Amino acid sequence: MIYVIGTLATVALGLFVLSFFMNDRMRELENQVEQVNMTMMQSNYQLKKKMKVLEEELLAEDLTQEIMKQPPKKNEAPKTLPLVDTVRSMYQKGYKTHYIAKQTNLSEHDVHSMIQQQKSGGVQT
């Protein structure tokens, strides 16, 4: 009986020590899941960034078309050029100058000049 208990204790101790040297399959699986999660988060972030840029471009294009289609008011004579009005309107709505330049087929320098003239009172609206 003593031999059986001793043998069982020795086997148990040997298996316990052996368990420290074996690969932990759960840890590997957790690492793989974490890597997949990080990859998905990066992809999601990049996709959201691209969607934001596309939405801004589409909104700027829609705004430009809407402004260009608006007929002048009957009781007021247009005092400025339609392009200047378009640039001023887009700038006041918060669009960046490079988007305005792209939508109106102007250079960024021209857009900056128009905005500065409008701010300084050089162009009457």
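In this chain, numbering begins with 1 at the start of the sequence shown. These numbers come from a predicted model, not from an experiment.
- Between atom CE of residue Met51 and atom CG of residue Leu58 there is a gap of 9.0 Å, rounded to the nearest 0.5 Å.
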- Task: Check the pair Met41, Asn37 against side-chain contact (heavy atoms from CB on, under 4.5 Å), reporting the backbone distance first and the verdict last.
- Result: CA-CA 6 Å; Met41 287 175 61; Asn37 189 18; 3.9 Å; yes

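- The CD1 atom of Ile100 lies 10.5 Å from the CG atom of Leu83; values are rounded to the nearest 0.5 Å.
- Taken from NE2 in His98 to NE2 in His112, the straight-line distance is 10.0 Å, to the nearest 0.5 Å.
- Closest heavy-atom contact between Tyr91 and Ile115: CD1-CD1, 3.3 Å.
- A donor-acceptor contact shorter than 3.5 Å links the side chain of Ser113 to the backbone of His109.
- Summarising the geometry, atom OG1 belonging to Thr39 is positioned 10.5 Å from atom CD belonging to Glu34; distances are rounded to the nearest 0.5 Å.
- In the hydrophobic clustering of ILVMFWY residues, with side-chain heavy atoms under 4.5 Å counting as a link, Met90 and Tyr99 come out apart.
- Within the 4.5 Å cutoff, no side-chain heavy atoms of Glu56 are placed close to those of Lys96.
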- Task: Under the side-chain contact (heavy atoms from CB on, under 4.5 Å) rule, what do Leu106 and Met114 come out as? Steps first, then yes or no, please.
- Result: CA-CA 11 Å; Leu106 296 172; Met114 287 181 188; 3.7 Å; yes

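- Taking both residues in full, the closest heavy atoms of Gln103 and Glu57 are given as NE2-O, 4.0 Å, listed atom of the first, atom of the second, then distance.
- Under the 3.5 Å distance criterion, the side-chain polar atoms of Ser19 are matched with a main-chain donor or acceptor of Phe16.
- The NZ atom of Lys49 sits 7.0 Å away from the CD atom of Gln46 when rounded to the nearest 0.5 Å.
- Atoms CD and CG, on Gln92 and Asp85 in that order, are 9.5 Å from each other to the nearest 0.5 Å.
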